Amino acid sequence: AGRFSCARVSTLHDMIPMAEAQFRSLPSARWRLAFLRSLKSLTISDVVIVPSENTKREFLKHGSYAPERVHVVPVLVPDLIAPPPPGAVRAERLILSVGTTAHYKNIPGLLHSLANPNLGDVKVVRVGSPLEPQLRLLAQKLGIWGRIEERIGIPENELIHLYQTATVLLQPSLTEGFGMPVAEAMAAGLPVVVSDGGALPEVVGQAGRIVKFRQDHPAKTTNLDDARDFGEAVAELLADGPERARMSAAGLLEAQRFRAPAVLSQLLEAYASAGRAASIRTGESAS
C-alpha cells in the first residue's frame, strides 16, 4: 500500500507550451523542459482534470494516457460575477480586453482590428498586463493609442463593474486552454467576440460571435486578414443592438455550465472515478 495507495488526481490547465513556437526558443528552453517533465509525471495519476475538450484532445496527442481517465471540468465562475442590476444601461461603444500580453493572446491582432475605420470612436479598456513598448508603438502607428486606457492591478469589484458596463469583450487569441475572461463576461451578460483559437468556441457555444482565423501563416506573425475580419465583426456587433441583446441573454444561459452546481457535479465524478481507479490499482498491486 504505502503513500501511493490513495487516489491520485492531477489538473492540467492547458497545452499552450506545446503549441506556441516561441516556447521553442533558447530563453524558454528550461521552462519548456519543466513542462514536458510535468506532462510525463501525469502518467502516474489515476485521473487528470482538464478545463476543456480542446485541452483534452491536445493532451492525448502527447502520450498514451487512457482517454477515459481524462475528465473535463470547466473553470468555476463565482456567483459574485453577475449581470448588471435591472434598469442598468451599458455603454454604447466601450470595448473591454482582459488578460496578459503573452504571444498567444494575439494583442497585435487586437490592435490592428481596432484600427478599423468603423471603430474610430470606440474607447478601449485593457485590464491585465501593461502593453510592452513595441505594442504601444504599434498602437501609436495605428492611431489608436489615445483611445486605449490601461487599468493595471484593479480590484475584483472594479473588473466586475467593467463586465457589467462595457459593450463587448474581445478575445482574438491564437489558442486558449479555456478562456476565463470570456466565461466571466458571458456570466455578466456581456457580449463577446472571439477567435476560434483553442477552447474559445467551446466556451462561447451559441452565445457569442466566433471569427474563424486562418492557419496558413507563421505562428510568430500577425495575420492582417484575420485582424480585418475580427474588426469587421466587432463593428457589425456594435451597430446591432438587438443582436447584442440576444447574445447577452444567450451568454447567461451558456454560463450556467461554469457555475457551482454544474462544476461541482463534474468535479465529484472525476474524484469518484479516481477513487475507483485507485481501488483497482491497489488491488492489483496486492495480488
Side-chain angles (χ1 to χ4, degrees), residues 1-77 99-107 128-129 171 173-183 194-204 213 215 217-220 257-258 263-264 266-282 284-285:
R3 62 193 178 105
F4 294 119
S5 61
C6 60
R8 300 190 289 248
V9 179
S10 299
T11 299
L12 174 65
H13 294 287
D14 60 62
M15 292 289 292
I16 289 173
M18 302 301 294
E20 284 287 272
Q22 73 165 5
F23 291 117
R24 297 182 175 89
S25 63
L26 185 59
S28 301
R30 292 179 62 184
W31 189 87
R32 180 179 169 82
L33 179 60
F35 181 79
L36 289 171
R37 287 173 175 167
S38 296
L39 279 186
K40 187 176 181 180
S41 70
L42 294 181
T43 58
I44 67 170
S45 298
D46 295 301
V47 158
V48 174
I49 293 175
V50 296
S52 65
E53 291 288 347
N54 177 267
T55 299
K56 178 177 179 176
R57 287 192 298 271
E58 293 301 314
F59 171 51
L60 292 175
K61 290 179 182 177
H62 296 275
S64 56
Y65 205 86
E68 63 272 15
R69 291 166 61 194
V70 184
H71 287 246
V72 176
V73 181
V75 180
L76 174 71
V77 175
T100 71
T101 58
H103 172 257
Y104 70 93
K105 296 293 186 180
N106 193 25
I107 300 301
S129 304
Q171 194 84 16
S173 304
L174 301 176
T175 186
E176 287 284 353
F178 182 72
M180 195 62 196
V182 175
V194 304
S195 70
D196 62 346
L200 289 178
E202 184 181 337
V203 171
V204 170
F213 276 11
Q215 303 298 322
H217 59 94
K220 289 188 177 182
R257 295 180 287 132
F258 316 129
V263 174
L264 177 60
Q266 296 172 78
L267 191 61
L268 289 176
E269 172 53 32
Y271 274 85
S273 178
R276 292 190 294 269
S279 295
I280 294 172
R281 170 170 50 78
T282 54
E284 290 174 348
S285 298

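Fair warning: this is a prediction, and the values are worked out from it, not measured in the lab.
Note on ring orientation: taking the six-membered ring where Trp is involved, the planes of Phe258 and Phe178 are perpendicular (angle over 60°, cut-offs 30° and 60°).
Across all non-hydrogen atoms, the minimal contact from Ala274 to Val9 is CB-CG2, 3.5 Å. In terms of heavy atoms, Thr43 sits closest to Arg69 at O-NH2, 3.9 Å.
Glu68 is not listed as a side-chain neighbour of Ser273, based on a closest heavy-atom distance of 4.5 Å or more. With a 4.5 Å cut-off on side-chain heavy atoms, Lys56 and His71 do not count as touching. The shortest distance between side-chain heavy atoms of Ser173 and Val194 does not fall below 4.5 Å.
Evaluation of the side-chain hydrogen bond (donor to acceptor under 3.5 Å, both in side chains) rule for Ser195 yields no partner, not counting sequence neighbours. Listed by chain and number, the residues in a side-chain contact (heavy atoms from CB on, under 4.5 Å) with Leu267 are Ile49, Val73, Tyr271 (sequence neighbours excluded).
Checking side-chain atoms of Ser52 against main-chain N and O of Gly177 turns up a donor-acceptor pair under 3.5 Å. Although no hydrogens or angles enter the test, the distance criterion places no donor-acceptor pair under 3.5 Å between the side chain of Gln171 and the main chain of Pro181. Side-chain atoms of Arg257 come within 3.5 Å of backbone atoms of Val203 as a donor-acceptor pair (strictly under, hydrogens ignored).
Of the inter-residue distances, the one linking Phe59 atom CZ with Leu42 atom CG reads 5.0 Å to the nearest 0.5 angstrom.
If you run side chain to side chain contact (heavy atoms under 4.5 Å, CB included) between Met15 and each of Thr175, Leu39, Asn54, Val50, only Leu39 comes through.
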